[in-house]
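Structure, as C-alpha cells:
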Amino acid sequence: MCAVIKPYKFQAAVTLLPPPGTAASALLPEPACRLVVRAVQPGSDASRLFSALVSAGQDTVSGDERHVVLTVTVLGEGAVECLAAGCDFTLWRGSDIGRGVVTRRIFV
C-alpha cells in the first residue's frame, strides 16, 4: 500500500543570488517554477532535499528584485521538521540561487 505524502506549504523571505551580470528576476520565471529546497535536518548537520513548486508571494515589493517573498510547496517526509517557521533553507537549480527563512506555514 502506498503512503500518501501531503504537501507542505509555507511563505518565506528569500534573498536571490544571481550570477554576476544576471537579473535576479530571471531566476524565478512567472507565475511559478520548480526548484529544489535544501534544508538542514534538526538535531544534525545532514541536509535534506525537497522538490518544490515556488511562486511569488502577494507581499513582494516591486523594484527590489533581490529580496522577495515566496510561497513554496514541498513534498516529502520530514518537511514539517526541516521547514518550520524560522528555519533557514537554500533554493537550488544547478547551483544555489537563493537563501531564505520560513516566515509562516500556510495551512490548506
My understanding is that only residues two or more places apart in sequence, or in another chain, count here; which of them pass salt bridge (Lys or Arg N to Asp or Glu O under 4.0 Å) with Arg93? none
Would you name the heavy atoms of [X] and [Y] that are closest together and state the gap between them?
X      : Y      : value
Ala12  : Thr103 : N-OG1, 3.8 Å
Arg105 : Tyr8   : NE-CE1, 3.1 Å
Ala84  : Val102 : O-CB, 3.4 Å

Walk me through whether Leu70 and Leu91 qualify under side-chain contact (heavy atoms from CB on, under 4.5 Å). CA-CA 11 Å; Leu70 301 177; Leu91 293 176; 3.9 Å; yes
Any side-chain heavy-atom pair from [X] and [Y] closer than 4.5 angstrom?
X     : Y     : value
Ile97 : Leu35 : yes
Ser51 : Arg34 : yes
Val72 : Lys9  : no
Asp96 : Arg38 : yes
Cys82 : Pro42 : yes
Leu83 : Val37 : yes
Thr71 : Val54 : no
His67 : Val14 : no

Working to the nearest 0.5 angstrom, can you tell me the gap between Arg66 CZ and Thr15 OG1? 6.5 Å
Does the gap between the ring centers of Phe89 and Phe10 come in under 6.0 Å? yes
Pair Lys6-Leu75, side-chain contact (heavy atoms from CB on, under 4.5 Å): steps then yes or no: CA-CA 7 Å; Lys6 294 182 180 181; Leu75 291 174; over 6 Å; no
side-chain contact (heavy atoms from CB on, under 4.5 Å), that's the test. Do Gln11 and Val69 meet it? Break it down for me. CA-CA 7 Å; Gln11 189 175 51; Val69 175; 3.5 Å; yes
